[in-house]
There are 4 protein chains.
Amino acid sequence: MSFIALSAQQTAELSQQLIDQGLIVAPESAKGRLLKSAARLFRTNGYERTTVRDLAKDIGIQSGSLFHHYPSKQEILRSVVEETILLNIETMKLSLSLNQDVRDRLYGLILCELQSILVDNGAEMAVLVYEWRGLNDENQSEILKLRDEYERLWIDVLEEAREQNLIVIPPAMLRRLLTGSISWSINWFKPDGDLSLEALAEMILSMALNTSKP
Amino acid sequence: MSFIALSAQQTAELSQQLIDQGLIVAPESAKGRLLKSAARLFRTNGYERTTVRDLAKDIGIQSGSLFHHYPSKQEILRSVVEETILLNIETMKLSLSLNQDVRDRLYGLILCELQSILVDNGAEMAVLVYEWRGLNDENQSEILKLRDEYERLWIDVLEEAREQNLIVIPPAMLRRLLTGSISWSINWFKPDGDLSLEALAEMILSMALNTSKP
Amino acid sequence: MSFIALSAQQTAELSQQLIDQGLIVAPESAKGRLLKSAARLFRTNGYERTTVRDLAKDIGIQSGSLFHHYPSKQEILRSVVEETILLNIETMKLSLSLNQDVRDRLYGLILCELQSILVDNGAEMAVLVYEWRGLNDENQSEILKLRDEYERLWIDVLEEAREQNLIVIPPAMLRRLLTGSISWSINWFKPDGDLSLEALAEMILSMALNTSKP
Amino acid sequence: MSFIALSAQQTAELSQQLIDQGLIVAPESAKGRLLKSAARLFRTNGYERTTVRDLAKDIGIQSGSLFHHYPSKQEILRSVVEETILLNIETMKLSLSLNQDVRDRLYGLILCELQSILVDNGAEMAVLVYEWRGLNDENQSEILKLRDEYERLWIDVLEEAREQNLIVIPPAMLRRLLTGSISWSINWFKPDGDLSLEALAEMILSMALNTSKP
DNA sequence: AATGAATGAGCTTTCATTCAT
DNA sequence: TATGAATGAAAGCTCATTCAT
């Protein structure tokens with residue numbers, strides 16, 4: 001395959017750019033550590049089952065002190081979700097810019113989403129998928145706008161694939177089926193197991209493309 | 001396609017048998033209505049966000065009266081989940097007994113799972129998929145045994161398909177991808193929309209089988 | 001010692017008389033069994049900690065059925081306490097009528113109270129002593145009248161003892177000290193142990209009489 | 001009599017020492033006031049009949065705030081009981097260290113226990129005696145160890161008395177009779193009445209010693 | 001008499017949030 | 001910024017009692 005992956009350096013630069021633009025907070029800052037903790041706990045125990053005391057304890061402060069950083073628990077969830085989408089959008093855009101072949105472009109999106117959901121620091125994505133209901137109505141619609149942008153990237157690539165007769169299922173529908181397959185992996189994938197992320201991505205790609213794996 | 005679907009009568013008879021064996025409660029009984037309500041509310045709002053007062057109000061009794069039927073909220077969740085799996089196992093077995101062709105057999109499983117998760121009385125399945133963490137440890141392992149039996153049915157059919165070279169992805173892995181695709185449908189499928197359950201099932205089948213839809 | 005004890009037959013006749021007069025219920029009747037159960041449970045777990053469901057279960061009926069026999073849980077407690085005092089008063093009167101010597105008379109009272117509190121079917125007395133606060137105000141004052149009659153018997157005998165210089169502590173005060181010693185025995189006396197009820201009664205007598213045990 | 005009583009200053013110093021060692025909480029602290037309140041209410045109404053709302057109201061906070069100080073109502077009871085025994089043990093040891101004559105030593109123990117149970121700040125002792133069953137099993141056995149140490153002090157003094165032929169009833173038995181007499185006093189003694197605590201202690205002593213009051 | 005479903009007030013406890021220090 | 005005591009609404013659950021059958 002001709003796929004060009006993102007280098008670690010490119011990923012790091014991207015994060016730094018977003019931090020500089022004020023779109024996401026620096027991970028080593030107090031707020032950053034809080035968000036990381038929150039993502040992990042929300043993912044492990046669920047939003048409701050995670051108390052602000054759990055959160056505070058996890059980063060070594062008192063529960064009351066949390067509210068100096070964020071006005072409410074709800075806002076913490078919103079930040080976790082928002083930052084994740086923002087980072088994912090930019091990462092995916094970068095990957096697309098490096099690859100022209102539609103197979104590679106689709107593979108890149110799959111890999112990116114898997115990485116976001118499965119690798120160590122990707123707890124936030126799981127929250128995005130499974131703690132959707134934890135957001136109140138206002139926040140849901142706000143996040144929805146970002147989500148539309150995110151999904152647009154997927155649909156565009158799938159439309160390309162359709163034009164080249166690589167897929168038979170309508171793009172919007174296929175995206176939904178893939179979303180399910182990819183997000184569900186959080187329930188079974190073991191990062192230290194035999195199966196690599198790349199191998200999993202290829203399986204999903206082969207399923208999507210409806211052709212035998214090369 | 002040569003697929004033989006379950007008739008409404010067969011489904012009804014199956015439910016009645018399970019009721020007679022004491023494995024599930026009659027849906028028109030007090031307990032039955034409670035479980036139905038619980039499944040719907042748990043699905044809509046999540047287990048944690050559903051209070052016993054909500055539940056009681058929904059079926060028109062006082063909150064304290066709930067505990068006349070079930071000793072705890074947790075036990076209600078357990079019952080919802082357990083009954084769903086039991087019913088699904090038997091429904092799937094029946095469907096498998098009616099069809100010999102492996103494509104039909106797989107199509108039957110997909111349809112059955114979709115039906116369970118998407119049609120009006122399928123709220124329980126969503127709970128099974130998404131409220132897993134709501135169960136305490138003891139109940140999780142108890143339910144896990146039933147789940148193994150359920151998954152066995154899927155794996156067996158996928159093994160058959162593999163022997164006939166209909167699928168390229170290893171059965172256990174493919175099942176996981178399908179589980180995700182099918183269960184995620186709860187987040188977007190509209191029962192009253194243009195897409196029929198059968199059409200959706202066929203799309204998923206075609207994705208699984210890795211061959212063009214006939 | 002010249003003490004004349006009550007025979008089993010005399011005790012039985014006494015109970016029968018009270019039953020015939022309608023002052024206490026027959027122990028083998030439904031109500032009787034209920035009271036016996038209640039006394040035992042109240043004694044073991046306390047009035048508050050004993051639920052009507054516990055009570056019902058103990059005698060093998062449903063909790064709702066209890067209220068065909070007694071209008072409230074409170075009334076059950078009142079009956080237990082009332083019957084106990086009534087029976088004790090009569091038993092003590094009988095014992096006093098059989099003994100003239102003041103040492104014997106006092107010994108009889110002590111033995112009678114110990115018996116009431118310690119022997120197998122004497123759970124009611126413990127309730128009388130320890131579940132006093134479980135009674136509401138109205139019932140407390142009603143029972144108080146009976147209690148006065150009961151205490152009168154003690155005081156009269158202690159006055160006699162005082163006139164004969166057998167005791168040095170004022171009767172009213174001594175009665176209080178003895179009440180404590182006797183009732184506390186419920187917390188440590190083992191009916192099957194080495195110490196007999198009679199030996200214990202003698203120790204208490206010797207303590208009261210302020211003379212060495214003969 | 002040659003009895004040397006504890007001075008108010010000595011008592012105060014003892015309390016301070018225990019506070020400094022972290023064994024009991026300062027009475028003027030939030031926790032201290034809570035324990036004091038709890039002891040009084042538990043004594044007056046019983047553990048079960050006292051609600052956490054009663055408790056909170058009594059010290060002027062909201063019921064939820066109680067749990068900032070103690071994790072459960074049960075733990076409040078445990079603390080009340082534990083602190084009482086600890087303080088009593090130390091007070092009794094101090095009294096014993098000041099008196100050599102066995103009569104005086106015994107008189108000191110009696111007085112100390114009476115004081116603990118009857119004077120204004122002695123509600124806790126009543127709880128210890130009468131709310132024993134309110135403790136759960138785990139806490140009962142924990143407290144039991146302290147209680148053994150407490151009882152050891154009594155038994156040792158009674159053994160001395162026996163060696164000097166001052167008592168005729170075996171020490172372990174006599175202690176039980178005295179426990180009853182002393183603890184029962186809570187049900188009748190009026191701190192503002194004619195009878196002084198010291199006079200009551202002497203009566204009990206004379207009853208125990210089996211000799212006329214000198 | 002007995003059942004068992006239902007009541008409804010009240011229980012202990014949880015928890016996001018506030019605020020004086 | 002951080003603390004930690006306090007808030008107060010709401011949670012899950014208990015239980016004496018009622019009542020149609």
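Keep in mind that the numbers below use all heavy atoms, side chains included, and drop hydrogens, waters and symmetry copies. Order of the sequence lines sets the chain letters (A, B, ...), proteins ahead of strands, with each chain counted from 1.
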To the nearest Å, give me how far apart [atom1] ([X]) and [atom2] ([N]) are.
{"X": "A:Leu55", "N": "E:dT14", "atom1": "CG", "atom2": "P", "answer": "18 Å"}
{"X": "B:Asn136", "N": "F:dG12", "atom1": "CG", "atom2": "P", "answer": "15 Å"}
{"X": "D:Gln62", "N": "E:dC19", "atom1": "CD", "atom2": "P", "answer": "15 Å"}
{"X": "A:His68", "N": "E:dA20", "atom1": "NE2", "atom2": "P", "answer": "12 Å"}
{"X": "B:Leu66", "N": "F:dG12", "atom1": "CG", "atom2": "P", "answer": "10 Å"}
{"X": "B:Glu75", "N": "F:dG12", "atom1": "CD", "atom2": "P", "answer": "15 Å"}
{"X": "B:Lys57", "N": "F:dA11", "atom1": "NZ", "atom2": "P", "answer": "11 Å"}
{"X": "B:Tyr70", "N": "E:dA6", "atom1": "OH", "atom2": "P", "answer": "13 Å"}

> When you match D:Ile61 and C:Lys73 each to their closest nucleotide on DNA chain F, which lands nearer the 5' end?
Replying inline: D:Ile61
> Pick the nucleotide of DNA chain F nearest each of D:Ala30 and C:Phe67; which residue has the one closer to the 5' end?
Replying inline: D:Ala30
>> Heavy-atom nearest nucleotide on DNA chain E for B:His69 versus A:Ser63: which residue maps closer to 5'?
In response: B:His69
>> If you assign B:Gly60 and C:Gly60 each to the DNA chain E nucleotide with the nearest heavy atom, which residue ends up on the more 5' nucleotide?
In response: C:Gly60
> Counting only Watson-Crick or G-U wobble pairs whose two distances fall under 3.5 Å, which nucleotide matches E:dG10?
Replying inline: F:dC13
> With both distances under 3.5 Å as the test, what is the Watson-Crick or G-U wobble partner of E:dT21?
Replying inline: F:dA2
> Taking the six-membered ring of A:Tyr47, is NZ or CZ of A:Lys73 closer than 6.0 Å to its centre and within 45° of its axis?
Replying inline: yes
>> Quick check for you: among F:dA16, E:dT13, F:dT14, whose closest atom lies nearest to any side-chain atom of C:Val52?
In response: F:dA16
>> By nearest atom, which of the nucleotides F:dC15, E:dT17, F:dT7 is closest to the C:Thr51 side chain?
In response: F:dC15
>> Less than 4.0 angstrom between a side-chain N/O of B:Ser65 and OP1 or OP2 of E:dT7, yes or no?
In response: yes
>> Run D:Gln16 and D:Asp20 through side chain to side chain donor-acceptor pair (under 3.5 Å) and show every step you take.
In response: CA-CA 6 Å; D:Gln16 193 55 51; D:Asp20 293 344; 3.1 Å; yes
>> Are there over 12 heavy-atom neighbours, none belonging to B:Glu138, within less than 6.0 Å of that residue's CD?
In response: no
>> Over all strands shown, is C:Thr50 touching base, sugar-phosphate only, or nothing at heavy-atom distances under 4.0 angstrom?
In response: sugar-phosphate
> How many angstroms lie between OG1 in C:Thr44 and CZ in C:Arg40, if you round to the nearest 0.5 Å?
Replying inline: 6.0 Å
> Which atom pair, heavy atoms only, marks the closest approach of B:Ser79 to B:Tyr70?
Replying inline: OG-CE2, 3.2 Å
> Has the side chain of D:Arg53 got a donor or acceptor atom sitting under 3.5 Å from an opposite partner on the base of E:dG10?
Replying inline: no
